[in-house]
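Atoms within a ligand are numbered from 1 in the order they appear, just like the ligands themselves.
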Amino acid sequence: MEIQTLTQAVTPELREWILAQAQANCATNDILKAMQASGWDDAVARAALVQTLQPAAASLHQAALPQLQAVPAGCGSPVPEPDLRGAPAVLRLHDREVQVLLTMQRPRVVLFGSFMSDEECDALMALARPRLARSETVHHQSGGSEVNAARTSDGMFFERGEAPLIQRIEQRIAALLQWPVDKGEGLQILRYRPGAQYRPHFDYFDPAQPGTAAVLKRGGQRVGTLVMYLHVPKNGGGTVFPDVGLEVAPVKGHALFFSYDRPHESTGTLHGGSPVTDGEKWVATKWMREGVFG
Ligand code: PD2
Ligand code: ZN
């Protein structure tokens with residue numbers, strides 16, 4: 001039975017997520033706290049727990065339900081994740097072979113080589129160039145967007161699937177990270193000129209900010225990021241994770257993946273784009289959401 005009167009709906013995806021947490025032996029209280037931290041209204045969260053777990057209680061400790069996605073240990077959300085079983089050096093996707101260059105568990109970081117061809121990178125930049133504008137980020141108070149001094153790049157967003165090339169890249173990302181296209185935002189393109197940078201930040205929406213509830217209504221939290229390097233500067237422009245001392249040098253065609261199963265600094269995913277000192281840096285970013293970004 002759906003609750004119609006509440007502003008946030010108890011969706012099948014939410015119920016599936018709750019079941020997965022219960023299967024992973026998370027206490028009901030911890031599931032509630034995680035939902036509240038992701039911006040769910042307290043009443044909706046409690047109603048969803050009751051609706052989902054009461055009928056399932058009898059079978060909760062039986063074998064895992066086959067249709068549920070694997071969840072990481074603890075009480076986090078399911079996240080995108082490449083299939084790295086057997087520690088392959090190369091992943092053979094439907095349309096491209098991608099190298100696995102670096103993996104890290106905490107924070108979850110994977111660097112891929114040859115994710116895009118030089119021609120694809122150049123074509124994406126050509127599509128984006130006429131539409132670039134000074135980058136905006138989500139305004140914490142309202143959920144709208146604002147020009148942000150912490151990000152001095154120029155940027156634009158493509159609509160999902162708006163051109164054949166965009167579709168091809170989105171399908172490749174979905175295959176690589178085992179995450180459906182419709183749970184992703186449109187591709188964002190950023191251009192950094194000399195002096196431009198992106199100061200360290202988290203990509204998830206801060207649950208403590210008043211604008212976050214509005215943003216989460218469309219697709220829920222961000223749970224993963226893929227940064228694709230389209231053009232590299234002569235100097236500077238590395239992607240850095242200051243909490244773990246990791247710096248990834250931009251290389252044309254490489255793609256840097258990281259995921260975060262909860263909107264919390266304990267994920268270790270604080271990251272930034274170092275200042276470009278010579279030349280231009282271009283990236284495409286795909287953010288993946290918990291739910292369908294409709
Ligand atoms: O361009 C980058 O290296 C970078 C760094 C941090 C991109 C993003 N964040 C992003 O697009 O979220
Ligand atoms: Zn970022």
Kindly assign one of parallel, tilted or perpendicular to the pair Phe202 and Tyr204, based on the angle between their ring planes and the thresholds 30° and 60°.
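Judged by the thresholds at 30° and 60°, the geometry between Phe202 and Tyr204 is parallel.
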Do the rings of Phe112 and Phe257 sit parallel, tilted or perpendicular, given the 30° and 60° boundaries?
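Answer is tilted, since the angle falls between 30° and 60°.
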What is the total of protein N/O/S atoms that are closer to the Zn ion (ligand 2) than 2.8 Å?
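Under the 2.8 Å cut-off, the count stands at 3.
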Give a yes-or-no answer on whether the side chains of Thr239 and Tyr229 include a donor-acceptor pair shorter than 3.5 Å.
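On atom types as modelled, these side chains qualify, holding a pair under 3.5 Å.
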Given Ile189 and Arg131, is the side chain to side chain contact (heavy atoms under 4.5 Å, CB included) satisfied, shown in steps?
CA-CA 10 Å; Ile189 307 293; Arg131 290 159 60 182; over 6 Å; no
Considering only N or O atoms, set out every pair between ligand 1 and the protein closer than 3.5 Å, with distances to one decimal place.
residue	atom	partner	partner atom	Å
ligand 1	1 (O)	Tyr192	OH	2.6
ligand 1	1 (O)	Lys281	NZ	3.0
ligand 1	3 (O)	Thr239	OG1	2.6
ligand 1	3 (O)	Lys281	NZ	2.7
ligand 1	9 (N)	His201	NE2	3.2
ligand 1	9 (N)	His271	NE2	3.1
ligand 1	11 (O)	Thr285	OG1	2.9
ligand 1	12 (O)	Asp203	OD1	3.2
ligand 1	12 (O)	Asp203	OD2	3.4

Would you indicate whether Glu159, at its atom CD, is surrounded by more than 12 heavy atoms from other residues, nucleotides or ligands within a distance under 6.0 Å?
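No.
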Is it true that a side-chain atom of Glu185 and a backbone atom of Trp287 form a donor plus acceptor pair closer than 3.5 Å?
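Between the backbone of Trp287 and the side chain of Glu185 there is no qualifying donor-acceptor contact (under 3.5 Å).
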Determine whether a donor-acceptor pair (N or O, by modelled atom type, separation under 3.5 Å) exists between the side chain of Arg289 and the backbone of Arg218.
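Present.
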If the threshold is 4.0 Å, N to carboxylate O, is there a salt bridge linking Asp154 and Arg193?
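Arg193 and Asp154: salt-bridged.
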For the atom pair OG1 (Thr103) and CZ (Arg108), what is the distance rounded to the nearest 0.5 Å?
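It comes to 5.5 Å.
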